[in-house]
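Notes follow the structure.
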Amino acid sequence: MLHRMEASPEFEELNPAPRLLMGPGPINADPRVLRAMAAPLLGQFDPQFRRYMRDTMALYRGVFCTANPWTMVVDGTARAAIEAVTASLVEPGDPVLVLSFGRFGQLKSEIAQRCGAEVHVIEVEWGRVFDPGQVEAALKRLSPRLVAVCQGDTSTTMLQPLAEIGPLCRRHGAWLQVDATATLGGVPLRVDEWQIDAVTAGLQKCLGGPSGIGPITFSDAAGRAIYRRRHIEQGLQTKDYVPGAGVRIGSNYFDLAMVMDYWSEMALNHHTEATSMLYAARECARILLQEGLDAAFDRHARAGRALVAGLQAMGLRIFGDIASKMPHVTGLYIPAGVNGDRARTAMLRDFNIEIGTSFGPLHGKIWRIGTMGYNARKDCVLMTLAALETVLAAEGYRFQRGAGVDAAIASYAAAQ
Ligand SMILES: Cc1ncc(COP(=O)(O)O)c(C=O)c1O
């Protein structure tokens with residue numbers, strides 16, 4: 001057992017390789033975000049820290065395009081935020097409809113099941129998205145209390161249009177919960193205009209931060225429904241405490257009623273805030289809004305278009321319905337005769353570039369490349385294509401060397 005650490009090669013100082021993370025997330029965090037995370041820690045009830053919390057709420061209202069007072073962050077990765085919304089809005093036995101077009105639709109179904117919901121899933125083939133007619137038919141048939149869907153599912157790279165889904169859910173009396181982990185900051189998401197009741201995200205994709213905290217927003221109506229279930233923990237109860245009339249939320253950590261009290265002026269204790277992660281979330285939103293949402297969407301679109309142009313010029317095939325794909329995540333078929341694992345390993349070993357493998361039915365068939373957040377940049381696209389050209393040539397794949405990089409440069413030039 002180790003009681004005192006000697007200088008030992010086993011426990012040398014952390015020194016991670018300077019990778020370029022071009023998978024479907026995580027991506028490299030913006031250095032400004034990393035600097036913010038190195039700021040001194042504060043107590044969660046320090047007036048200065050409470051101001052940073054209020055700043056974070058205001059900044060994320062801008063990011064989510066919402067006036068929702070209940071806009072904050074949940075400590076934990078993106079799935080923590082999903083689980084918090086589901087556990088707090090769904091009561092055991094409630095019918096929940098999941099619109100699943102990939103692995104992360106399946107995740108929402110699993111989380112809802114674990115919250116005791118009666119879960120119904122409708123699916124489309126991986127590589128496609130839903131049309132509003134399919135959703136309306138399911139709403140009529142199942143009368144769910146909540147509908148859960150990804151805006152973008154990284155497992156398939158597809159982007160679900162949402163503008164019509166929110167009003168449909170309203171008309172049928174269902175909450176709409178959207179997982180924007182893969183899309184927030186990369187494509188438009190108009191929470192109020194599209195009548196979305198709850199949205200969750202993470203920092204590690206288009207927001208250019210590390211994973212570990214989940215921005216979240218929910219409507220007043222959703223907030224009221226959650227607050228009806230308010231049961232504060234025993235150690236914090238006062239003599240005049242009266243619990244809410246609704247069923248107690250089944251999770252303590254993900255009890256959004258308690259999290260609301262923690263974030264509100266009441267400042268009621270709950271968890272110990274993940275201070276450095278809150279700094280990161282605040283800085284991600286600040287950077288994004290400083291750039292401007294439209295400028296950031298355009299940067300993501302240009303990077304994605306240039307990558308696709310480069311891959312196609314190399315004769316590579318793009319996965320799924322291109323018209324429905326997220327601009328900033330691209331799936332490409334691994335060419336016949338190429339050893340997918342060996343090629344990805346060569347990308348990492350020889351070029352320090354990580355690209356993504358894939359899950360389920362797509363495993364071993366496609367790679368996924370992300371051009372997101374801090375890495376939605378021309379230099380990242382060109383370096384990835386150049387490295388891929390070298391690696392594929394070594395694998396014996398025949399194509400015109402240099403065509404990928406040239407096409408990406410031309411795509412960027414045409415966008416100016
Ligand atoms: C669409 C989507 N939802 C949820 C998640 C889960 O996020 P996390 O790993 O941060 O919990 C991911 C992760 O890649 C994702 O892409």
Side-chain angles (χ1 to χ4, degrees), residues 21-29 33 64 73-87 98-112 114 121 123-124 126-130 147-162 165 176-187 189 196 198-217 251 253-254 274 277 280-281 284 300 304 319-320 324-331 354-360 362-363 366-373 375-376:
L21 302 179
M22 297 299 287
I27 53 96
N28 299 86
V33 176
F64 282 116
V73 288
V74 168
D75 291 350
T77 65
R79 75 182 57 208
I82 298 170
E83 194 154 340
V85 167
T86 314
V98 177
L99 313 179
S100 178
F101 54 100
R103 177 195 159 192
F104 292 103
Q106 294 172 340
L107 172 69
K108 271 176 280 298
S109 153
E110 172 173 329
I111 289 175
R114 287 176 187 246
V121 181
E123 289 177 294
V124 284
W126 286 27
R128 301 201 166 276
V129 294
F130 292 91
V147 174
V149 65
C150 285
Q151 184 181 25
D153 194 316
T154 42
S155 67
T156 66
T157 78
M158 294 295 114
L159 177 73
Q160 173 65 51
L162 293 174
I165 308 286
L176 176 59
Q177 172 187 356
V178 169
D179 170 5
T181 308
T183 47
L184 190 65
V187 293
L189 173 64
I196 303 170
V199 186
T200 60
L203 303 186
Q204 71 268 29
K205 302 193 197 258
C206 304
L207 290 170
S211 69
I213 206 159
I216 181 172
T217 187
S251 162
Y253 194 66
F254 295 132
M277 286 310 306
C284 286
H300 281 85
F319 170 75
S324 298
K325 84 183 253 313
M326 286 185 272
H328 50 274
V329 191
T330 299
E354 179 180 275
I355 62 169
T357 173
S358 49
F359 305 115
L362 299 178
H363 188 67
I366 69 164
W367 290 316
R368 293 170 304 147
I369 301 181
T371 43
M372 296 188 268
N375 291 353

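Both ligands and their constituent atoms are indexed starting at 1 by order of listing. Note that the numbering runs from 1 along the sequence shown for the chain.
- Which parts of ligand 1 touch Thr154 is read off a 4.0 Å heavy-atom cut-off, strictly below it: atoms 14 (O), 15 (C), 16 (O).
- Looking at Thr181 and Lys205, their side chains never bring a donor and an acceptor atom within 3.5 Å of each other.
- Checking side-chain atoms of Thr200 against main-chain N and O of Ala81 turns up no donor-acceptor pair under 3.5 Å.
- In terms of protein heavy-atom proximity, atom 12 (C) of ligand 1 is closest to Phe104 CE2, 3.4 Å.
- Considering backbone and side-chain N/O atoms, Ser211 never comes within less than 3.5 Å of an N/O atom of ligand 1.
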* **From CA spacing to verdict: side chain to side chain contact (heavy atoms under 4.5 Å, CB included), Met158, Lys325** => CA-CA 4 Å; Met158 294 295 114; Lys325 84 183 253 313; 3.8 Å; yes
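- The two residues Leu176 and Ile196 make their nearest non-hydrogen contact at O-CG2, 3.6 Å.
- In the vicinity of Asp179, heavy-atom distances shorter than 4.0 Å reach the ligand 1 atoms 1 (C), 2 (C), 3 (N), 4 (C).
- The option with the heavy atom closest to atom 10 (O) of ligand 1, from among Met326, Gln204, Arg79, is Gln204.
- For ligand 1, the polar-atom distance check against Thr77 finds a nitrogen or oxygen pair separated by under 3.5 Å.
- Against a heavy-atom cut-off of under 4.0 Å, Lys205 is close to the following atoms of ligand 1: 13 (C), 14 (O), 16 (O).
- Set against the non-hydrogen atoms of Gly152, the atoms of ligand 1 under 4.0 Å away are 1 (C).
- Here Ala78 has heavy atoms under 4.0 Å from ligand 1 in both its backbone and its side chain.
- Between Gln160 and Val149, the shortest heavy-atom distance links the atoms CG-CG2, 4.2 Å.
- With salt bridges taken as basic N to acidic carboxylate O contacts below 4.0 Å, one links Glu110 and Arg114.
- In this structure, OG1 on Thr330 lies 11.5 Å from CD1 on Ile355, to the nearest 0.5 angstrom.
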